[in-house]
There are 2 protein chains.
Amino acid sequence: MADVARRADVSIKTVSRVVNDEPGVRPQTASKVRAIIEELGFHRHEGASMLRKGRSTSIGLIVEDLGNPWYSQLAASMEREARSRNHFLISTSAEGSPEREAELVDALVARRVEGLVVVPASSDASEAIRSAAEEMPVVCVDRPLAGLVADTVLSDNEGGVRSAVEHLVAHRHRRIGFLGDDEVIWTAQRRQAAFLASYDLLGLPGEPLTRLGPYADGEVAALLDRWGQGRDGITAVITSNNRVTMQVIAAQRVCGLDLVVVGYDDFELADFLEPPVTCVHQDPASLGERAIQQLFARLDGELGDPRTHVIPTRLIVRGSARRRPASRRA
Amino acid sequence: MADVARRADVSIKTVSRVVNDEPGVRPQTASKVRAIIEELGFHRHEGASMLRKGRSTSIGLIVEDLGNPWYSQLAASMEREARSRNHFLISTSAEGSPEREAELVDALVARRVEGLVVVPASSDASEAIRSAAEEMPVVCVDRPLAGLVADTVLSDNEGGVRSAVEHLVAHRHRRIGFLGDDEVIWTAQRRQAAFLASYDLLGLPGEPLTRLGPYADGEVAALLDRWGQGRDGITAVITSNNRVTMQVIAAQRVCGLDLVVVGYDDFELADFLEPPVTCVHQDPASLGERAIQQLFARLDGELGDPRTHVIPTRLIVRGSARRRPASRRA
DNA sequence: TTGAAAGCGGTACCAC
DNA sequence: GTGGTACCGCTTTCAA
């Protein structure tokens with residue numbers, strides 16, 4: 001910037017004004033400066049700017065795995081939303097590791113993001129995140145974080161699971177299983193609990209069959225096979241997220257099972273499987289937008305206790321629920 | 001940091017040494033400093049550090065859309081690879097807009113990333129990216145960029161398409177269509193060209209039927225319907241990427257078509273559709289890793305002309321290729 | 001093993 | 001409209 005100033009024969013301050021589109025510069029001066037900037041290939045140094053201004057117009061996002069479509073859609077929607085407020089979103093993956101999450105939190109805080117959105121890797125707040133929360137607003141998405149006073153955006157897990165169970169019951173299913181993702185994942189536990197509650201509420205017969213992961217190779221198939229045996233074997237299964245849904249679909253094919261599946265999380269080809277899969281749709285884009293909105297509300301000065309937003313789900317019925325004629329298997 | 005120094009009764013430099021795990025600090029001094037850091041909730045200011053050091057140990061990634069699984073897997077693999085070299089990856093989406101891409105390039109350069117990986121939004125290098133390339137290594141992934149001297153990592157488009165055509169021909173298909181993504185997308189053009197070349201090479205009869213997008217609502221279905229008519233209607237169609245594959249699958253269902261589909265890009269449920277879909281698999285993780293490796297090679301001082309890496313594809317045969325009995329349609 | 005001081009590249013404040 | 005200068009928080013260099 002000093003170079004540009006020298007070359008353009010103006011002061012550094014004037015160059016700064018041009019770079020930042022500040023008023024109070026004669027158009028001719030401005031265009032001369034701009035020409036020199038071009039010529040010299042000058043690039044402003046955001047670090048220096050942050051240092052002086054004390055702010056960065058950027059926010060950080062930590063998800064479990066950017067490779068998972070659900071999270072990547074969340075990231076994409078948040079990026080759009082942040083951009084519409086002239087902020088830059090830095091998206092990162094913790095890969096399910098609390099240690100990595102803590103590192104990322106520190107890295108983002110060090111980059112002086114103005115706020116943090118986190119899909120927590122564990123259910124208890126790390127020291128890193130608690131310390132971050134003292135400096136800037138933090139919003140948890142998809143799962144709450146015990147031991148942290150932070151705004152939270154959740155999916156309506158109870159409502160979503162209940163709608164799935166009711167749908168199956170309305171289609172004459174009485175014995176329904178539940179398969180959840182790894183037990184360390186809060187939503188898996190929560191959806192399991194919701195399943196048990198619905199089971200009770202609707203007075204379904206017998207002991208409810210449920211299980212959480214992680215699953216060994218072939219375990220899902222073996223489990224479903226076992227649950228489906230006999231005259232009161234299950235006729236349908238509800239899954240806690242798209243990861244498990246995929247495992248169940250694979251297991252069914254491999255073993256020739258024929259259970260009705262209702263999946264938590266919609267997925268792109270649900271309509272085109274045979275039979276199509278009914279899903280509890282929780283729109284990652286809605287969660288992301290709400291999270292960013294809440295974050296900006298805090299940045300704009302909102303005070304008061306942490307809020308919890310519950311985003312409704314929608315059951316997408318795809319005609320997969322009809323109870324099949326007695327299993328084609330023995 | 002000054003606060004910490006004052007409180008710990010040491011110099012700023014000593015605090016800096018502790019924060020950076022530099023040698024030459026007595027263990028007791030170090031732990032005292034660390035305690036104060038904790039107590040005061042001190043966070044180092046990366047911007048100030050970058051400013052002084054002139055480097056940032058971070059690299060930037062610009063893809064088309066983080067919400068698309070292919071790109072998000074690319075991003076995830078690059079994040080892992082960058083992390084293994086102690087670098088921080090900043091992933092962003094240009095949403096197919098060259099203007100947005102230019103903004104992102106500038107934003108990342110301003111953040112002093114050490115290198116840039118780009119899935120170009122257009123085929124010609126923007127001023128922003130050319131200017132960035134003078135400051136730091138740039139690697140293009142999936143598509144090359146005319147007018148830019150930069151390393152490039154591509155999928156083996158020719159080989160991939162040829163393997164798809166040969167596979168279909170080996171299964172007695174003679175009339176094969178090709179449906180590409182939007183014509184502005186380089187890979188769509190390239191794969192179309194490869195398709196035409198293969199068509200020639202194998203001496204397939206008649207005029208090859210090909211089309212690039214964008215497609216209006218229902219257009220894909222209408223097109224396939226038309227192409228499939230008559231005694232030399234097509235019996236199979238090759239698509240240029242997963243986006244088009246989805247459209248073709250949907251079109252087939254909607255209109256009761258029954259063409260064999262071979263898709264460029266593998267996708268999660270390809271195995272579970274009826275019939276399963278054979279795919280040209282180009283592993284986004286391999287592309288990403290190679291891109292990061294090339295980037296670090298440059299950062300490590302590699303000189304010389306830009307390199308182009310071609311990543312082989314693999315045809316995943318899923319038994320979808322058998323030629324169907326004469327169409328069930330009129 | 002520790003410290004003092006200069007300076008990285010911007011921006012705020014105030015003077016002209 | 002424009003310029004001068006202090007200073008943001010850290011690292012480098014050199015001295016003690």
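Values below: every heavy atom of this structure, side chains too, minus hydrogens, waters and symmetry copies. Protein chains get the first letters and strands the later ones, always in sequence-line order, with residue 1 at the start of each.
The pair A:Arg143-A:Glu64 counts as a salt bridge, with a side-chain nitrogen and a carboxylate oxygen less than 4.0 angstrom apart. Under 4.0 Å is where a charged nitrogen must lie from a carboxylate oxygen, and between B:Glu114 and B:Arg55 at least one such pair does. Of the charged side-chain nitrogens involved, none lies within less than 4.0 Å of a carboxylate oxygen, so that A:Arg111 and A:Glu46 do not count as a salt-bridged pair.
Atom CG of A:Asn68 sits about 9.0 Å away from atom CD of A:Gln73, to the nearest 0.5 Å.
Looking only at side-chain heavy atoms (C-beta outward), B:Met50 and A:His45 come within less than 4.5 Å of each other.
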Next item on the list: Test side chain to side chain contact (heavy atoms under 4.5 Å, CB included) on B:Thr152 and B:His309 and set out the steps.
Entry: CA-CA 6 Å; B:Thr152 304; B:His309 300 274; over 6 Å; no
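The 12-atom threshold is exceeded at CG of A:Asn20, counting heavy atoms of other residues, nucleotides or ligands nearer than 6.0 Å.
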Margin query: I'd like to compare against my own output: the B/S/- annotation of nucleotides 6-16 of chain D with a strict under-4.0 Å heavy-atom distance to protein.
Written below: BBBBBBBB---
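For DNA chain C, the contact window with chain B, defined by any atom under 4.0 Å from a protein heavy atom, covers C:dT1 to C:dG9 in 5' to 3' order.
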